Amino acid sequence: MAQTISYITGSQLLPLKRLPNIAIIDVRYSIWVCLLLWEFNNLRDDERSYDGHIAGSLHYASGTFTDKISNLIQDVKGKDTLVFHCALSQVRGPTCARRLAYHLEELKEDTGIKNILVLERGFNGWEASGRPVCHCTDIPCKGESA
Ligand SMILES: [Zn+2]
């Protein structure tokens with residue numbers, strides 16, 4: 001089964017993200033790398049914003065993505081649509097999405113995953129358009145809070 005990766009916009013994702021068959025996979029760096037990067041780029045000064053995420057999203061840092069790929073497949077059991085994103089969805093989001101697609105092809109096992117999507121403009125775009133961001137520290141995030 002050949003998987004193609006397509007993009008989904010934030011406004012398309014917003015009404016879909018509560019559906020039980022959709023999983024959102026956040027592949028941004030771990031919180032510590034984010035802190036370093038943000039410090040370095042001096043982009044932000046509000047510490048509480050650092051760990052914001054899309055409510056209900058699963059976090060699989062891109063650095064360890066390949067090692068954790070079987071955990072991910074377990075975690076998304078019953079979901080047929082996976083939406084990947086990183087901060088901007090330019091490099092890591094699509095890379096991890098493709099890596100999963102290759103993995104699924106080699107697995108030759110029906111995981112039920114039918115669609116692999118990448119969120120256009122990533123988390124930064126999502127947040128910048130004022131869409132709901134969750135600040136919980138639950139792993140995994142169970143929240144739907146705005
Ligand atoms: Zn949360």
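Just so it is clear, the model here is predicted, and its values are computed rather than measured. All ligand and atom numbering here is 1-based and tracks the order in the structure.
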Results of side chain to side chain donor-acceptor pair (under 3.5 Å) for T64 - residues two or more places apart only: none
At the Zn ion (ligand 1): angle between C134 atom SG and C141 atom SG, to 10 degrees: 110°
Close side-chain approach of L119 to L13, heavy-atom, < 4.5 Å: yes
Metal proximity, H135 vs the Zn ion (ligand 1), N/O/S cut-off 2.8 Å: no
R99 and T66: side chain donor to acceptor below 3.5 Å: yes
C136 atom SG and H53 atom NE2 as seen from the Zn ion (ligand 1), angle to 10 degrees: 110°
Test ring-ring contact (aromatic ring centres under 6.0 Å, His included) applied to F65 - qualifying residues, sequence neighbours left out: F84
